[in-house]
Amino acid sequence: MLDLMIDYRLPNENYSLPVMVPQHYEEQYNKNHTLIEKLDRSGNTYDNIEMTIDNQIALEINDLGYTIENITKREFNDFDKRFDIYTVELKNEIEDYNLFVQNEKIISKKLNLYTKNIMLEIV
Amino acid sequence: MSFQSDYYKPLCDYLLELLKPINSSKYTFDQEILRRDFVSRSYYTALLHCKNLVEEDIDKNILGTHAQVINATNDEISIDLRKLKSLRVMADYDTNTFPMPLKTKKEIVHLERIQAIVNNIISKDYDNIT
């Protein structure tokens, strides 16, 4: 008769699988750390967490493969509307701004930033 | 090359070249003067290009040329003009350091981005801006 060693322990803190967090999310600025902690704890997807607009912008930029150094926000009152302007400083050097400004447009359209009176500056 | 074809673009390109570190010994005054001039002239280059294209669509009897031109353009161009305008207003009126220093990068990256926005706008014709 074989002496089987069967481990009937239920998964607990000593038995948990590692949480996979992409490296570039860990490098995001401090606000996003809160988001990551929420994801780690709950296993939620990004879709069911209410995200601030700067978090949404950060995730879109990360999806393009860029790493964020800093995000600042300022206001601009034009003749008919008030705008929030988010300036995103990348860690990456941008080789060709003529191509890169298209990324601002792509993200702005995807997140409907125009209709929310939000401007995006990526440098 | 006439003013109507490129507006202040040659001046902007010249200023951006001057602002490269390699050329810093060619002038003795503060770089910020060049940066402010670059941003201001860049906005007007984009605005004048659009104004010339939508001239027939706007009412010359109503004041506020900037607003009329911006409103006559499509969402994408309008927001680009407003982006440039927001920087132009800071460049011309705000006496704090301009542009706001970045965390790690040099200020010139702001200007390269602005140049790219202007290049994009002035490459478009009436059908692509309205």
Side-chain angles (χ1 to χ4, degrees), chain A residues 27-32 53-54 57-58 61 64 66-123, chain B residues 13 16 35 39 42-43 46-47 62-91 93-94 96-124 128:
Chain A
E27 292 171 356
Q28 274 179 215
Y29 71 113
N30 292 337
K31 273 188 177 179
N32 275 6
I53 196 69
D54 50 348
I57 291 168
I61 288 171
L64 292 174
Y66 296 97
T67 307
I68 293 168
E69 176 70 49
N70 193 34
I71 297 182
T72 56
K73 180 184 167 188
R74 68 176 193 276
E75 290 182 1
F76 171 55
N77 287 301
D78 208 358
F79 58 92
D80 58 343
K81 292 174 189 167
R82 189 188 67 79
F83 291 88
D84 288 331
I85 304 177
Y86 287 86
T87 303
V88 181
E89 181 181 348
L90 302 181
K91 283 189 177 174
N92 315 67
E93 292 298 325
I94 297 170
E95 298 293 328
D96 184 350
Y97 271 96
N98 290 310
L99 289 175
F100 196 81
V101 291
Q102 300 308 317
N103 288 328
E104 283 185 13
K105 296 179 192 301
I106 290 166
I107 294 170
S108 298
K109 281 179 186 169
K110 186 171 179 185
L111 299 178
N112 292 319
L113 299 185
Y114 297 152
T115 56
K116 295 170 185 166
N117 292 343
I118 291 171
M119 295 182 190
L120 182 59
E121 294 179 341
I122 307 176
V123 291
Chain B
D13 292 344
L16 195 56
R35 291 202 295 263
V39 172
S42 291
Y43 167 66
L47 184 81
I62 299 175
L63 293 176
T65 304
H66 297 236
Q68 285 199 66
V69 172
I70 287 169
N71 281 337
T73 56
N74 62 34
D75 281 352
E76 184 182 315
I77 298 297
S78 142
I79 206 83
D80 277 350
L81 286 173
R82 289 181 196 265
K83 283 177 182 177
L84 295 173
K85 189 182 178 190
S86 75
L87 292 163
R88 197 283 296 186
V89 169
M90 287 166 73
Y93 298 111
D94 187 345
N96 293 318
T97 303
F98 179 84
M100 286 291 286
L102 295 167
K103 202 168 173 185
T104 59
K105 286 185 175 174
K106 302 282 185 197
E107 290 88 349
I108 197 162
V109 299
H110 274 298
L111 311 188
E112 287 170 348
R113 173 182 164 275
I114 289 166
Q115 185 190 45
I117 293 172
V118 173
N119 286 345
N120 180 54
I121 291 175
I122 67 173
S123 71
K124 293 186 184 299
N128 289 314

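Lettering of chains follows the sequences in order, A, B, ..., and the numbering in each one begins at 1.
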* To do: Please determine if A:Lys109 and B:Asp75 form a salt bridge, counting it only when a charged side-chain N lies under 4.0 Å from a carboxylate O.
  => no
* Asked: Taking every heavy-atom pair that is under 4.5 Å apart, which of A:Thr72, A:Asp80, A:Ile85 has the most such pairs with chain B?
  -> A:Asp80
* Asked: At a heavy-atom separation under 4.5 Å, does A:Phe83 approach chain B through its side chain, its backbone, both, or neither?
  -> side chain
* Determine, for A:Glu121 against B:Lys83, whether the closest basic-nitrogen to carboxylate-oxygen distance falls under 4.0 angstrom. => no
* Checking A:Glu93 against chain B: side chain, backbone, both or neither under 4.5 Å from a heavy atom? -> both
* To do: Count the heavy atoms of every other residue, nucleotide or ligand shown that sit under 6.0 Å from NZ of A:Lys116, and state whether that count exceeds 12.
  => yes
* Asked: For B:Val109 and A:Glu89, what are the C-alpha separation, side-chain angles and deciding distance, and is it a side-chain contact (heavy atoms from CB on, under 4.5 Å)?
  -> CA-CA 10 Å; B:Val109 299; A:Glu89 181 181 348; over 6 Å; no
* Heavy-atom distance under 4.5 Å to chain A: side chain of B:Met90, backbone, both or neither? -> side chain
* To do: Return the option, out of A:Thr87, A:Leu99, A:Leu90, with the maximum number of heavy-atom pairs under 4.5 Å with chain B.
  => A:Leu90
* Structure fact -> OH of A:Tyr97 to CG of B:Asn120, rounded to nearest 0.5 Å, is 15.5 Å
* To the nearest 0.5 Å, how far apart are CD1 in B:Ile79 and CE in A:Met119? -> 4.5 Å
* **Spatial distance of atom CG (B:Asp80) from atom NZ (A:Lys105) [nearest 0.5 Å]** => 3.0 Å
* To do: Answer yes or no: is there an ion pair linking B:Lys105 with A:Glu69, defined by an N-O contact shorter than 4.0 Å?
  => no
* Name the region of A:Val101, side chain, backbone, both or neither, that has any atom closer than 4.5 Å to a heavy atom of chain B. => side chain
* Structure fact -> Most heavy-atom pairs under 4.5 Å with chain A, out of B:Arg82, B:Lys85, B:His66, belong to B:Arg82
* Please determine, among B:Glu76, B:Met100, B:Glu112, B:Gln115, the option with the most heavy-atom pairs under 4.5 Å with chain A. => B:Glu76
